[in-house]
Amino acid sequence: MNNSNFYDVTKCDFGNPYEDIGKVINDIIAEVKVKQAKSCSNGNGKPGAVIYLPPADYHLKTQVVIDISFLKVVGSGHGFTSSSIRFNVPKKDWSNLHELWPGGSRIINDLPVDSTSSEKTGAAFLVERDGDPRISSVEFSNFNIDGLHFVDDGANDDNPENSYVNNKTGIYVASAQDSFRITGMGFIYLEHGIVVYHADALTIHNNFIAECGNCIELRGWGQASKVTDNLMGAGYKGYSIYAQNFAQLLVSTNNIFPRGASTIYFEQVTRSLLSNNILHAFYPGMVVLKKVSSENLISSNHFLRDHEPWQPMQTHDNGIVDSYGLLAIDGNNNTVTNNHFSEIIDKKYLKPSGVTPVIIHVVDGSSNYISNNNVVASEAHSEIGESAFKSQVGALLTTQQSSVIQTINVLIEKNSRNNTILDSGTDEQILLDKSVNAIRFTPKVPNGEKIL
Amino acid sequence: MNNSNFYDVTKCDFGNPYEDIGKVINDIIAEVKVKQAKSCSNGNGKPGAVIYLPPADYHLKTQVVIDISFLKVVGSGHGFTSSSIRFNVPKKDWSNLHELWPGGSRIINDLPVDSTSSEKTGAAFLVERDGDPRISSVEFSNFNIDGLHFVDDGANDDNPENSYVNNKTGIYVASAQDSFRITGMGFIYLEHGIVVYHADALTIHNNFIAECGNCIELRGWGQASKVTDNLMGAGYKGYSIYAQNFAQLLVSTNNIFPRGASTIYFEQVTRSLLSNNILHAFYPGMVVLKKVSSENLISSNHFLRDHEPWQPMQTHDNGIVDSYGLLAIDGNNNTVTNNHFSEIIDKKYLKPSGVTPVIIHVVDGSSNYISNNNVVASEAHSEIGESAFKSQVGALLTTQQSSVIQTINVLIEKNSRNNTILDSGTDEQILLDKSVNAIRFTPKVPNGEKIL
Amino acid sequence: MNNSNFYDVTKCDFGNPYEDIGKVINDIIAEVKVKQAKSCSNGNGKPGAVIYLPPADYHLKTQVVIDISFLKVVGSGHGFTSSSIRFNVPKKDWSNLHELWPGGSRIINDLPVDSTSSEKTGAAFLVERDGDPRISSVEFSNFNIDGLHFVDDGANDDNPENSYVNNKTGIYVASAQDSFRITGMGFIYLEHGIVVYHADALTIHNNFIAECGNCIELRGWGQASKVTDNLMGAGYKGYSIYAQNFAQLLVSTNNIFPRGASTIYFEQVTRSLLSNNILHAFYPGMVVLKKVSSENLISSNHFLRDHEPWQPMQTHDNGIVDSYGLLAIDGNNNTVTNNHFSEIIDKKYLKPSGVTPVIIHVVDGSSNYISNNNVVASEAHSEIGESAFKSQVGALLTTQQSSVIQTINVLIEKNSRNNTILDSGTDEQILLDKSVNAIRFTPKVPNGEKIL
């Protein structure tokens, strides 16, 4: 038995880590439990262990099940590279490519899932434990989890690798837990990157989560957690960040790129802070507050919505029309201030045809405070490209717009009352019932020259 | 002698690290000094060393004294679990608990302190050095410091483990220093988590500091430092963040939970930035600027004040009345913008009885700029719970308030002049002398329906 | 051949790492390539490697050339200490100093450069690879790169160590790349700390980059990257952050200290977010948007401009006059909200003599939205000091100003139209053509007492 609680998976005697890292880690956990069976005395506890994954390809054929606190799994490389770009390169060109796969300390989720499998059974790492106390301080750091392939979803894309569907999950935390940390990781080609139920004091920080169906899903309920400083972007069917029944959630300093059916989707999320993020999307419904999400502060975010520039993905979108809003709110007493919105899209791409796009949309609820948001909207005349990277950068840098687009900066539905709207648009740009809402329009340029 | 500057405390010959990690680390430091005694030539310096703590329980009976630069102490697990919850579980139930103690790479502060000991003598790690240059680049990363127990403070709580008093400190930096880093750590059951005098370019990032009397105390004076992306919460007697005579302090992207007599307490702090934080507290006096704290920017923070929902702690508070304010300012030329305040509390809990609670209170000073702050206030009718976690989450998610509470959103005392108050409340919600301050009230809903 | 992909440079057989770490790392990379030459099958890729540098002084005489993905270079100590202070201590006092040089895991850039060398040939680490895919997921973490000395630049400083010139670079990424990470590093005494061309999804997080000619330069073009939570400060000739043709750049939660000719300098940077930073400088031109930088959000930053308090550097500045502005904008549709500006300087230091200093200056472009910025300006009567640290702290903490300075809070040049300026100054403090811009002045105190 290893006397230390440090385990290098390439140097311990639990089988071949490259063939089935899952079995190796489960055996390590079993050994740690034997060590910890000694009674706790003199303030001594059950310190857990650290499992180290040097850079390598580790196939995972057995699901890792974590049911002890204080376990840290750590690698030396988040290992992201774009599989999506590569899968859309003609196969004849693959022999010229430097690499074909992600790397670093890379766990390849080879679990035998099919279309009937659950998200849970398809998870490389399952954390689950009943009883008290809640499982605490499990940490995942600086390695890669790769789902390898997406599969045919029966839809109209002739490349199944573009489906974002494979019933594979990276990390699935099924039971209430405390003080977990997921930092410096890479997630790729998983239908679900991170799923966490019943989170308390969770940290998801400085990760790279991209080309996943969904990136982060916080389910059940939770409190006092942070999702900060991540680079991420989900597929066109899923969420970059989803949260449910959550309070005191800090979503800040993230750079979230497309696609993502929704960049951020909250259901009954309260007293949370969504600030200081770069949010970029190709569809309306970028940030959605649902089911009476209330008393949140949405401040100092940069929203950009433009049109999908990359040919292989242009057949897809999230099905939401442009009258829905980039930010849609069902809730009370939210504060929405100091956000910048750029809506840069040719009129021909707006849906339905001829619609005036909505930016901030209060769908339901009351007493929201919406102040000092600035909206820029224009046609783009961007070019469609075969290279994902070059076409995106080209589009992003184009700000010499040919013509301005009219927008509804703020739309307050009839059933919503007592909202306060300040300095977020002129009278042409704001639709609301002035008899039941408070409004101060942004001053206009005297000579009427200003349209935006 | 170890030829390398890497020391695994479980693999070096300086005694038993589990019995007294302090002696082991001090012996390592002594060896490093011998190595460094060689004169510096060819640009070679004194590179220091790294001391690695694999996950384990390490009793500390001898204080670690660090007086060399470039020393890094690093573990593999911040190891937090709630001792506070466990100490309030009946002892008869302990045998059913999975774990009783924090874990990870855990240093147990067993220093022989009593009520006459100083904070300094009770510190697990003491950093102190005279002369020039200031000691630089000491780093603490990813381990746990546990004070184990609180002790009877003579007050009215029959559980001494709830006192937040034990004269123990985690890290105590006594002398001026430069470019220190404290990252990824866990601190628990210490009367003082981190105390730093005379900081320059200090980083306190991504730590877990909870169930400590005080979390972070920056004393003496200091400049150009950051406290970012931490999860923390002090006890009802102390500060989550305290700073004194500090300039250019960045406190951002933290998620600070209760209790904390004050969440943030500044004395003569100038030209600093307090932004983008989730701040949750059970008492008034959440953020306090004292002794002419001036030219600070307080922006985009989410303040929530509600009532203590957890029975074992309901006998305690910080003694501050509700007319004091959630944010109290003594200082000049501060900018307070874009903050959201939720005051969610049943009227029966307000002190003194019948008081109208104050949100932003300018106690003294002049020329502050207070703009676009939104206040939500209502009764909660929350339930009191035996489980800390469930009762908190239940309270946090309750936003279907039965009745609105009247608040004074901004109170400017008579001696304070030349302040500018914009869009932070209606005329009923702001108290100030209009002849010596500039004011623009938030527009009201025309039909008078809006009360908030 | 090492069977693992973990390399400790002090324990492998590629020569003496202390004498030439560059050669050792290049030999390791060559070995990794041999290992990776096996064809990729079964989803296996080219996982790369990790190269570990324990704390020590490593001279680098051969440039490291990285042309494989998934390589991580990691140390155990960022090792910053101020060389600038030490080089301005009289030599006779050096024998009393505890240390003379930076430390930690320290790479000493000994490349044989001279005044004709290029930035690229003087780089300790050069990353360059042609073809597809772009090189990905190279990571640099927690070590120090030291340029050792600056050299005589022919200017008027009799101490060549104050020139910030030596043709040495820390990390130079010459070709397009994806998902790189630079975290926890220290950079010192390099003319260029980090130079990256054509960045995508780059992370520069929690580094210490100081006493460098320039800290971070993002050149060519790039997208979707973040520069967050860094402590840094360039020399008086260079940039702390420079970016060119960049979109979706997140610059947030940094604490940037002087000097820096410009703290942040953007050329054609679009749809980016500059928020939540502490920015401190000794000259005008702190943040400059050039060449039609558009649709950016600049929010919740704390700007402080004061006078150089440290004698050895007082002969230097950036040559920009005070009518240029602390924030100068050439671009369209930028949003500038909620920033605090402190201009604390004795009138005698303003240039040209008698000038009214400008704070926000729209030099060219149209349709910018400038709202709720607060400006504080006063004389300082600060003292000049011989100690860099004490004189700075003294100056920073002085807020008992003797007299207010008049400022132009916002200056809109004649050629710039359609801008909206709200609540950012009174009519005396804003200069613009009201017929082509929208303006709402900050309300004044009724009795006219208020000057600020």
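Below, read A as the first sequence line, B as the second, and so on, with proteins coming before strands; counting in each chain starts at 1.
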Side chain, backbone, both or neither: which part of [X] has an atom under 4.5 Å from a heavy atom of chain A?
{"X": "B:Asn301", "result": "backbone"}
{"X": "B:Ser105", "result": "neither"}
{"X": "B:Ile108", "result": "side chain"}
{"X": "B:Asn254", "result": "backbone"}
{"X": "B:Ile278", "result": "both"}
{"X": "B:Asn277", "result": "backbone"}

Under 3.5 Å donor-acceptor, [X] side chain and [Y] backbone:
{"X": "A:Ser275", "Y": "B:Asn276", "answer": "no"}
{"X": "A:Lys46", "Y": "B:Leu100", "answer": "no"}
{"X": "B:Asp57", "Y": "A:Gly45", "answer": "yes"}
{"X": "A:Ser137", "Y": "B:Phe80", "answer": "yes"}
{"X": "B:Asn255", "Y": "A:Gln248", "answer": "yes"}
{"X": "B:His78", "Y": "A:Phe70", "answer": "no"}
{"X": "A:Asn5", "Y": "B:Pro54", "answer": "no"}
{"X": "A:Arg181", "Y": "B:Asn206", "answer": "yes"}

Most chain B-contacting option - heavy-atom pairs closer than 4.5 Å, from [options]:
{"options": "A:Ser69, A:Pro133, A:Ala49, A:Ser141", "result": "A:Pro133"}
{"options": "A:Gly131, A:Ser300, A:Ser179, A:Gly48", "result": "A:Ser179"}
{"options": "A:Ser366, A:Gly331, A:Ser252", "result": "A:Ser252"}
{"options": "A:Asp178, A:Asp67, A:Ile421, A:Asn338", "result": "A:Asn338"}

>> I'd like to know whether A:Asn437 forms a side-chain contact (heavy atoms from CB on, under 4.5 Å) with B:Val445, so could you lay out the CA-CA distance, the side-chain angles of the two residues, the decisive distance to 0.1 Å, and finally the verdict.
In response: CA-CA 5 Å; A:Asn437 295 287; B:Val445 177; 5.6 Å; no
Considering all heavy atoms, the nearest [X]-[Y] contact:
{"X": "B:Ser342", "Y": "A:Arg271", "answer": "OG-CG, 4.4 Å"}
{"X": "B:Asn374", "Y": "A:Tyr369", "answer": "ND2-CB, 3.2 Å"}
{"X": "B:Pro446", "Y": "A:Ser435", "answer": "CD-O, 4.1 Å"}

>> Run the side chain to side chain contact (heavy atoms under 4.5 Å, CB included) test against A:Ser225 and tell me which residues pass, sequence neighbours left out.
In response: A:Ala199, A:Leu202, A:Phe246, A:Leu249
Return the [atom1] to [atom2] distance between [X] and [Y], rounded to the nearest 0.5 Å.
{"X": "B:Phe303", "Y": "A:Leu297", "atom1": "CZ", "atom2": "CG", "value": "10.5 Å"}
{"X": "A:Glu139", "Y": "B:Asn142", "atom1": "CD", "atom2": "CG", "value": "4.5 Å"}
{"X": "A:Thr335", "Y": "B:Asn339", "atom1": "OG1", "atom2": "CG", "value": "9.5 Å"}

> More than 12 foreign heavy atoms under 6.0 Å from NZ of B:Lys61: is that the case here?
Replying inline: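 Enclosed.
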> Does B:Asn16 CG have over 12 foreign heavy atoms under 6.0 Å away?
Replying inline: yes
> Which one of B:Ala56, B:Ser82, B:Gly75 has the most heavy-atom pairs closer than 4.5 Å to chain A?
Replying inline: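 Of the options given, most contacts go to B:Ala56.
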> Between B:Asp146, B:Asn144, B:Thr253, which has the largest tally of heavy atom pairs under 4.5 Å with chain A?
Replying inline: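 Max contact count across the listed options: B:Thr253.
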Is the closest side-chain donor-acceptor distance between [X] and [Y] under 3.5 Å?
{"X": "B:His59", "Y": "A:Asn44", "result": "yes"}
{"X": "B:Asn230", "Y": "A:Lys226", "result": "no"}
{"X": "B:Asn372", "Y": "A:Thr337", "result": "no"}

> Is the shortest side-chain N to carboxylate O distance from A:Arg129 to B:Glu99 below 4.0 Å?
Replying inline: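 Counted as a salt bridge, because a side-chain N and a carboxylate O are separated by less than 4.0 Å.
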>> For a 4.5 angstrom cut-off between non-hydrogen side-chain atoms, does A:Arg134 reach B:Thr81?
In response: no
Part of [X] lying under 4.5 Å from any heavy atom of chain B:
{"X": "A:Leu422", "result": "side chain"}
{"X": "A:Ala201", "result": "both"}
{"X": "A:Asp433", "result": "neither"}
{"X": "A:Ser272", "result": "backbone"}

> For B:His98 and A:Asp132, what are the C-alpha separation, side-chain angles and deciding distance, and is it a side-chain contact (heavy atoms from CB on, under 4.5 Å)?
Replying inline: CA-CA 6 Å; B:His98 290 293; A:Asp132 290 310; 5.8 Å; no
>> side-chain contact (heavy atoms from CB on, under 4.5 Å) for A:Leu250 and B:His302? Distances and angles first, verdict last.
In response: CA-CA 9 Å; A:Leu250 175 60; B:His302 190 287; over 6 Å; no
>> Set out, in order, the CA-CA distance, both residues' side-chain angles and the distance that settles salt bridge (charged side-chain N to carboxylate O under 4.0 Å, His left out) for A:Arg440 and B:Asp423, then state yes or no.
In response: CA-CA 11 Å; A:Arg440 184 177 68 230; B:Asp423 299 325; 2.7 Å; yes
> Do B:His280 and A:Gln223 pass the side-chain contact (heavy atoms from CB on, under 4.5 Å) test, and can you show the C-alpha distance, the side-chain angles, and the key distance before you say yes or no?
Replying inline: CA-CA 11 Å; B:His280 180 196; A:Gln223 70 169 358; 6.0 Å; no
